[in-house]
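All values below come from the heavy atoms of this structure, side chains included, with hydrogens, waters and symmetry mates left out.
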Amino acid sequence: MDILRFLYYNKIGRIILKPLISRPVSELAGKLLDSRFSMILIDSFVRKNRIDKADYLLDDIGSFNDFFCRRIKPGLRMISKEKTSLIAPSDGLLSVYKINDGTVLNVKQSRFTIDRLLKDKKLAAGFDNGYVLVYRLCVNHYHRYVYFDSGKKYKDRQINGLYHTVRPVALAEFPVYIENTREYSVINTDNFGRCVQMEVGAMLVGRIVNECPASGSVSRGEEKGHFEYGGSTIIVLIPEGKARLREDIAGSVNTGVEIPVVMGEAVGRTGEDIRK
């Protein structure tokens, strides 16, 4: 964290930061972490982040990135059985915000608009007074993710950008989510209306890997893709009146409080939230 503070708060650090958040550097880091040589990094990464290797399928690991996007053993991530549950698409730290006049204000008082996030004014207009669910993944989290609901999706959209870290030190200084490289799916869901599920890359993330970027039917709990090395973020946009948040989560809306969740966990359900 001290290194990140230097990069984001110090004048010299910001000069060094500029190339680090560029696409070429991130792509180079990705290639290095794809190499067999990178396997020497795995043991120290496991120790530092207290990862229990017994929880994962590790037979085909040939690089650090293979390990980073490792698959978890069956039964260790269960999808909520209630089909109308609003599930977490990934492990992560969840914070939720209301969208007011197309704008999201976070706890650090930095603003971003849904229009700039999506780069689509017409699509963004459909989320006013709705919710933004932000799942921030740290490097120790499981980095595969699923669709949060079933429905019909359109072809994925990709927005090229930078690769800021998604840690609070960067979120306090830059509108990270509208500057970083990101991909998103527009989904006509079975239970929550027309929604967006977005993946945001971060510092040293070489690739956001979505398994099927084409249009078609998707199923709740079906694997959507994975991130390669680095902390990352998944953002879900839900229209007004379509979701009732779990009580503890509803009480943290617009506070910036992050609640730990795991893939498949119910964070709400269908229906209009009683808290406005």
Side-chain angles (χ1 to χ4, degrees), residues 85-121 123-138 141 145 148-149 159 161 164-180 182-187 189 191-202 231-263 265-276:
S85 290
L86 174 62
I87 66 167
S90 68
D91 290 11
L93 302 173
L94 171 62
S95 56
V96 182
Y97 306 90
K98 284 286 286 185
I99 304 166
N100 294 307
D101 295 324
T103 301
V104 175
L105 174 65
N106 75 15
V107 72
K108 298 295 184 180
Q109 304 302 304
S110 66
R111 298 173 183 266
F112 67 88
T113 65
I114 301 303
D115 176 12
R116 290 185 67 191
L117 180 71
L118 299 176
K119 293 191 177 293
D120 185 325
K121 289 184 178 180
L123 178 61
F127 295 104
D128 202 29
N129 297 314
Y131 284 120
V132 179
L133 288 80
V134 179
Y135 299 86
R136 186 170 68 87
L137 288 72
C138 301
H141 284 125
Y145 46 86
F148 80 94
D149 197 27
I159 301 172
H164 285 288
T165 177
V166 294
R167 292 189 184 184
V169 65
L171 296 173
E173 293 295 302
F174 293 95
V176 169
Y177 299 136
I178 61 173
E179 289 191 359
N180 276 24
R182 52 202 185 275
E183 296 183 19
Y184 68 87
S185 304
V186 180
I187 309 171
T189 68
N191 295 295
F192 301 98
R194 178 172 288 191
C195 298
V196 164
Q197 184 170 334
M198 172 183 285
E199 298 80 43
V200 183
S232 312
T233 300
I234 292 175
I235 295 175
V236 175
L237 303 179
I238 298 179
E240 180 181 15
K242 295 295 185 179
R244 184 188 294 268
L245 299 174
R246 203 173 70 196
E247 186 174 352
D248 59 323
I249 296 170
S252 70
V253 171
N254 290 341
T255 66
V257 170
E258 294 182 314
I259 297 174
V261 297
V262 296
M263 176 194 291
E265 178 180 346
V267 299
R269 60 184 178 84
T270 57
E272 187 169 3
D273 207 313
I274 58 174
R275 302 194 186 203
K276 298 292 186 179

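- Residues Phe148 and Phe192 form a side-chain contact, since some pair of their non-hydrogen atoms from C-beta on lies under 4.5 Å apart.
- When all heavy atoms of Ser95 and Val257 are compared, the pair lying nearest together is CB-O, 3.5 Å.
- With a 4.5 Å cut-off on side-chain heavy atoms, Val96 and Val267 do not count as touching.
- In Asp248, the CG atom is crowded: over 12 heavy atoms of neighbouring residues, nucleotides or ligands sit closer than 6.0 Å.
- Between Leu133 and Leu94 the shortest side-chain heavy-atom distance falls below 4.5 Å.
- Checked by atom type and distance alone, the side chain of Asn254 pairs as donor or acceptor with a backbone atom of Lys98 at under 3.5 Å.
- For Tyr184, the ring pair (Phe, Tyr, Trp, His ring centres under 6.0 Å) test picks out no residue, with sequence neighbours left out.
- Summarising the geometry of Arg194 relative to Pro239, their closest heavy-atom pair is O-CG, 3.3 Å, with the distance given to 0.1 Å.
- Side chains of Ile249 and Tyr131 form no contact here, defined as non-hydrogen atoms less than 4.5 Å apart.
- In this structure, the side chains of Leu117 and Met198 come closer than 4.5 Å at one or more pairs of heavy atoms.
- The minimum heavy-atom distance linking Tyr97 with Gly256 is given by the pair OH-CA, 3.7 Å.
- When every heavy atom of Leu123 is checked against every heavy atom of Val186, the shortest pair comes out as CD2-CG2, 3.6 Å.
- The OG atom of Ser90 lies 9.5 Å from the CD atom of Glu199; values are rounded to the nearest 0.5 Å.
- Rounded to the nearest 0.5 Å, atoms CG (Leu118) and CZ (Phe127) are 6.5 Å apart.
- Contact check for Asp149 versus Ile187: no side-chain heavy atoms found under the 4.5 Å cut-off.
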Using the side chain to side chain contact (heavy atoms under 4.5 Å, CB included) rule, take Lys242 and Leu86 through it: C-alpha gap first, then chi angles, then the decisive distance, then the call.
CA-CA 10 Å; Lys242 295 295 185 179; Leu86 174 62; over 6 Å; no
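- In this structure, Val261 and Ala88 approach most closely via the heavy-atom pair CG2-CB, 4.0 Å.
- Between Leu93 and Pro260, some side-chain heavy-atom pair lies under the 4.5 Å cut-off.
- When side chains are defined from C-beta on, Ile235 counts as touching Val132, because their heavy atoms get closer than 4.5 Å.
- Rounding to the nearest 0.5 Å places CD1 of Ile238 at 10.5 Å from CG of Asn191.
- Rounding to the nearest 0.5 Å places CZ of Arg182 at 4.0 Å from CD1 of Ile159.
- Note: Gln197 CD to Leu237 CG = 10.0 Å, rounded to the nearest 0.5 Å.
- Across all their heavy atoms, Ser252 and Ile259 have their closest contact at OG-CD1, 3.7 Å.
- The CG atom of Leu137 lies 7.0 Å from the OG1 atom of Thr233; values are rounded to the nearest 0.5 Å.
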